[in-house]
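Okay, structure first, notes after.
Indexing begins at 1, ligand by ligand and atom by atom, following the structure's order. This structure is a prediction, so every number in the text was calculated from the model and none was measured.
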Amino acid sequence: MTTAARLDADDATIVAASFNGEAPSIAYWGPRLPPTADLASIAVFTAPVTPHGLFDHGEAFSLFPEAGQGFTGRPALEAARDDGRFLTQFRFERFEATPEALTISLHDPLAELRVVQTLRLHPSGVLRADATIRNDGQALVRVQRFAAAALPAPDGEALRFAGAWTKEFQLERVRLGHGLVASENRTGRTSHHAPPFLIVGETGFTQTHGAVMGLHLGWSGSSEIFVERLRDGRLQAQSAMLLLPGEIILAQGQSFNAAPLYAVRDGAGLNGLSARFHRFVREEILSGRTDRPAPVHLNTWEALYFDHDPDRIAALVEAAGELGIERFVLDDGWFKGRRNDGAGLGDWTPDPQRYPDGLGALAASVRSRGMAFGLWIEPESISPDSDLYRAHPEWALGEALRQEPLGRRQLVLDLTCPEVAAHLFAAIERLVRQTGAVYLKWDFNRDFAHPVSAGRAASVAQVHALYALLDRVRAAHPGLEVEACASGGARADFAMLKRAERIWISDCNDPIDRQRQQAAFGLFFPQEVIGAHVGPGRSHTTGRSTDMETRALTALFGHMGVEADITALCRQDLETLRDAIALYKRLRGDLHSVPRQSLPHPDGSLLAFAAGSEKRQIISVAQLASSAHPAPAPLRLIGLAEQATYRVVLLTPLKQPRAAMNNPPGWVEGEGRQAPGSVLVGHGLTLPVMRTGDVLVFLVEALEGTA
Ligand code: GLA
């Protein structure tokens with residue numbers, strides 16, 4: 001007997017089917033099916049065959065695969081009862097379908113466990129899978145792993161996300177052979193090196209072609225994400241929290257929730273996948289919270305570091321106001337005893353020597369220049385050299401008599417302890433009230449190895465306690481905005497973004513590296529949440545020198561900010577920066593409501609993308625390394641109406657490229673030129689000669705009535 005149910009997005013359908021009372025599996029995920037489609041007969045076409053040499057029923061691969069059912073891949077559940085029994089064989093009880101969600105109830109009467117999986121398909125096509133497990137029996141149940149769902153993945157290749165501090169969001173393409181392609185993160189944060197993002201697609205998938213599937217775990221702690229070849233040749237993909245031994249023990253009546261898994265499928269390569277995620281993030285994760293222009297920031301970090309000299313700060317405030325900056329964010333270094341990164345965390349009161357009258361006067365002077373005031377804070381951390389630690393060494397996470405390895409010379413507070421959470425809430429409350437801050441850059445600058453609270457593993461509870469603290473702070477201050485930061489981009493995930501408006505994706509402000517980081521991060525996230533700063537001329541992290549134009553036109557395609565000593569800029573750089581800020585203000589309404597799509601180009605040293613629709617696109621072309629060829633190949637645009645006529649006009653002066661060629665292409669001159677869509681799409685437009693670091697930004701707009 002087959003029982004089937006469907007979920008519909010605007011242009012996609014998922015069919016889940018259960019055969020003979022077994023846990024359901026995905027029988028179809030693809031273009032939207034007609035309302036009359038016979039779901040049971042679809043399952044007949046898509047159900048797997050059973051080869052010899054395996055269990056008689058083949059690999060029991062379902063949305064909730066279990067070892068006890070005859071599944072030899074990595075199961076969705078690993079748990080054991082105190083009496084030693086660990087096998088499970090859940091029976092499918094029922095589907096419950098509403099237009100938004102499909103609930104799957106599973107029950108194992110022998111193990112006395114119930115699992116409820118919920119699948120929600122957003123109109124964008126992004127699936128969110130959740131699962132809860134409940135212990136109905138008297139024996140304690142120790143859960144070692146629990147994934148929200150296992151999904152079938154396309155065969156071919158995977159794109160893994162890797163990185164390190166200042167080198168976040170590197171993509172690594174791997175061929176899917178036998179075994180697992182897995183990323184495991186045991187750092188307690190979302191991590192630099194193995195954040196839970198994965199893309200799997202048919203061999204040779206590109207930005208614009210091929211079936212692809214994207215996965216992300218909405219979780220800010222340790223995690224795993226993998227795609228695994230099953231013994232019958234199929235592929236399963238999962239992502240879940242990594243649980244510590246003894247961490248999750250369920251008594252009778254207790255339940256545990258898996259972290260939500262987000263997934264999408266698209267037939268048109270990475271651009272299709274991104275367009276779906278961008279819409280999903282805007283409508284669901286941000287849900288209208290960012291319906292305002294993302295203000296231009298001045299962040300003080302690379303301008304001041306720990307040197308909070310009042311005169312320097314006053315000069316920065318003044319220069320920021322004159323540049324058109326809209327929000328002044330005072331970064332690390334303002335609080336008691338914070339002369340370097342070895343002291344002060346936990347003592348969230350303004351340093352009496354540098355700010356004898358508190359931060360109120362500075363905040364007022366920021367506001368008097370028309371800017372909002374924002375503040376850096378790292379609530380979860382504590383320096384051993386702090387008043388807080390001296391008063392409450394027991395508030396640090398860890399096991400008595402064992403020394404947690406230090407990270408950035410600091411420890412982590414036990415947020416699961418109600419006293420600690422209450423203390424932090426009160427400290428943040430006081431700061432927000434006293435300074436009128438409308439923005440917190442919420443940082444967390446270390447991994448942790450001893451997530452122990454009251455003698456028990458607490459890595460999951462610590463992350464939930466962080467969410468609770470953030471939620472409480474936000475509820476108390478509905479207008480307050482938050483930037484999620486963790487040594488740059490070590491906490492960039494959908495769960496944090498539910499509680500933040502901006503993600504600081506890297507401490508690297510080098511525009512050459514940033515172009516690629518923003519493109520990779522931008523596969524899952526829309527531009528308005530990407531913190532992107534104009535840094536110093538010589539990057540503090542890579543040592544590379546770049547022009548102001550390169551830096552500013554890179555920051556333009558994120559939530560723009562400046563993080564450099566603007567009081568020391570030469571007149572020409574100041575002018576360029578002022579123009580770029582004005583351009584950002586003019587374009588952000590557009591840029592922050594459309595998908596970003598990569599434009600393929602044969603030269604790997606050039607990175608191009610378009611933000612916009614069929615009617616209007618803003619295009620960026622950046623030369624990231626020296627090209628092997630003197631003149632670039634034409635750039636073919638995408639997503640335009642071939643029959644429409646477009647005006648193509650440069651938005652930035654062609655300062656540097658002009659020097660590199662005898663005659664620039666005609667369309668870069670003056671008010672621009674017109675071209676049929678078919679020329680721009682089919683042949684592409686000639687680019688000027690580009691030198692390393694050159695960035696071109698231009699507008700392609702359909703003439704009235706032609707598109
Ligand atoms: C982290 C952040 C930086 C800055 C410093 C301050 O490294 O990523 O942006 O705030 O901390 O210590």
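Side-chain contact of Arg408 with Ser381: a donor-acceptor pair under 3.5 Å is absent, judged by distance alone. In summary, the side chains of Glu549 and Thr576 do not present any donor paired with an acceptor at a separation below 3.5 Å, with no hydrogens or angles considered.
Residues forming a side-chain hydrogen bond (donor to acceptor under 3.5 Å, both in side chains) with Glu380 (at least two apart in sequence, or on another chain): Trp442, Arg491. Under the rule for a ring-ring contact (aromatic ring centres under 6.0 Å, His included), His477 has no partner lying at least two apart in sequence or in another chain.
Residues in residues 354-373 take part in these side chain to side chain donor-acceptor pair (under 3.5 Å) pairs, two or more places apart or across chains: His308-Tyr355.
In this structure, Phe306 has its ring center closer than 6.0 angstrom to the ring center of Trp301.
Using a 4.0 Å heavy-atom criterion, the residues that approach ligand 1 are Trp301, Asp331, Asp332, Trp376, Arg408, Lys441, Asp443, Asn445, Cys485, Ser487, Gly488, Trp504, Asp507.
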